[in-house]
Amino acid sequence: MRPKLWSTSYYVLAGGFAVLFLFPLVWTGYASVAPAGATRQQDGYGLGNYAGLLEYDAGLGRYLWNSTYVSVLTVAFTLALAVLGGYAFARFTFRGKDTLFIVTLAILMVPYSTLLIPLYSMLGDLGLRNSLTGLALVLTLYQLPFAVFMMRISFEAVPKEIEESAMCDGAGTFGVLTRIMLFAVWPGLVTVGLFSFLAAWNDFIAPLILVSEADKAVLPVAIANLRQQSMGAVDFGATQAGVVVMALPCLVLFALLQRHYVRGFMSGAIKG
């Protein structure tokens, strides 16, 4: 009787949390199509708010492209650097290894906003100010500590015998990494890539400070600018539509990669 009671309580609690977390998303979707004053959708239910979002300033397509470009570039930079760094920390022995790893993780303790002004000056010196590529590099910087940590524990969970067997067959270190190890740590790669994409896609403060040209604005900044209408009125309908557009790629990616995402977090729990 007790196991059945525990199981029932578990499902009731899980269902309650699901409703709690899903309610804001459902309400946002409803508000984006519901009629309301001071919005593009004042009579009946429809897609007026989405039409206003589509036509805003440089156009929704432009802002989606900017966000996609920055996010994909951030994922590519993060994965490339995290794989090399994580593999080095997991498999090689060198002086100061643990100290360097701790210093890498210590970046997480530095408030994100305090780094932006020095980075703004540095990007200016490199000619990357007001550049989407420069923005992607900055977002990569703050994703690297977690990404390197994640890839290190992922590589450490792979038995060394696999690498030794490949090296006995004539494969070099880089060949082992690219032909064998990357497939063995696939869940970790998905986890790092998903985290990097979500962070870059939803980031607001870095694009606001580092990119000032209107046609290079990313979606979060464009939606924040869209909120203000004449006379200081807030267009909540367009804002809700923008939130839905921003949330959809994140929800789809998480739903498609959920299995790999969970396995990635569990990869370092038990080392082979």
Drop me the distance from Leu126's CG to Arg129's CZ, to the nearest 0.5 angstrom. 10.0 Å
Just to verify, which of Leu135, Val211, Leu210 counts as forming a side chain to side chain contact (heavy atoms under 4.5 Å, CB included) with Lys216? Val211
Quick one: pull up CH2 in Trp201 and OG1 in Thr74 and give me the separation to the nearest 0.5 Å. 12.0 Å
Determine whether the aromatic ring centres of residues Tyr87 and Phe92 are separated by less than 6.0 angstrom. yes
All heavy atoms of Asn49 vs all of Ala34, minimum pair found to be ND2-O, 4.4 Å
Can you tell me which residue among Phe146, Phe149, Phe254 is in a ring pair (Phe, Tyr, Trp, His ring centres under 6.0 Å) with Phe195? Phe146
Looking at Glu161, is its backbone amide N or carbonyl O close enough to the side chain of Ser165 to form a donor-acceptor pair, meaning the two atoms are under 3.5 Å apart? no
Same apolar cluster (I L V M F W Y, side chains within < 4.5 Å links), Ile209/Phe204: yes
Between atom CG of Leu251 and atom CE of Met246, what is the distance when rounded to the nearest 0.5 Å? 11.5 Å
Spacing of CE belonging to Met151 relative to CG belonging to Leu84, to within rounding of 0.5 Å: 10.0 Å
Quick one: do Thr114 and Val110 satisfy side-chain contact (heavy atoms from CB on, under 4.5 Å)? Show the steps, please. CA-CA 7 Å; Thr114 62; Val110 180; 3.5 Å; yes
Is the NZ atom of Lys97 crowded by more than 12 outside heavy atoms at less than 6.0 Å? yes
Under the criterion side-chain contact (heavy atoms from CB on, under 4.5 Å), I'd like the reasoning laid out for Leu53 against Val245: C-alpha separation, chi angles, the key distance, then a yes or no. CA-CA 10 Å; Leu53 181 64; Val245 172; 3.8 Å; yes
Run the side-chain contact (heavy atoms from CB on, under 4.5 Å) test on Phe89 and Leu100 for me, step by step, so that the C-alpha distance in whole Å, both residues' side-chain angles and the decisive distance to 0.1 Å come before the verdict. CA-CA 9 Å; Phe89 281 121; Leu100 181 59; 3.9 Å; yes
If you take all heavy atoms of Leu141 and Leu119, which pair is closest and at what distance? CD2-CD1, 3.9 Å
Would you list the atom pairs, donor with acceptor, under 3.5 Å between side chains in residues 15-32 and any protein atom, with sequence neighbours excluded?
| from | atom 1 | to | atom 2 | distance (Å) |
| --- | --- | --- | --- | --- |
| Thr28 | OG1 | Pro24 | O | 2.8 |
| Tyr30 | OH | Tyr45 | OH | 3.1 |
| Ser32 | OG | Gly29 | O | 2.7 |
| Ser32 | OG | Tyr50 | OH | 2.7 |

More than 12 heavy atoms of other groups within 6.0 Å of Phe101 CZ: yes
Which distance, rounded to the nearest 0.5 Å, do you find between the CZ of Arg152 and the OG1 of Thr104? 10.0 Å
Are Leu81 and Val148 packed together at the side-chain level, in the sense that at least one heavy-atom pair is separated by less than 4.5 angstrom? no
Looking at Phe155 and Leu177, what are the two nearest heavy atoms and their distance? CZ-CD1, 3.8 Å
Taking the side chain as every heavy atom from C-beta outward, state whether Leu116 and Val138 have any atom pair closer than 4.5 Å. yes
Under the side-chain contact (heavy atoms from CB on, under 4.5 Å) criterion, do Leu123 and Ser131 qualify, and how do the steps go? CA-CA 9 Å; Leu123 290 178; Ser131 165; over 6 Å; no
Pairwise distance CG(Leu194) to CG(Leu189) - rounded to 0.5 angstrom: 12.5 Å
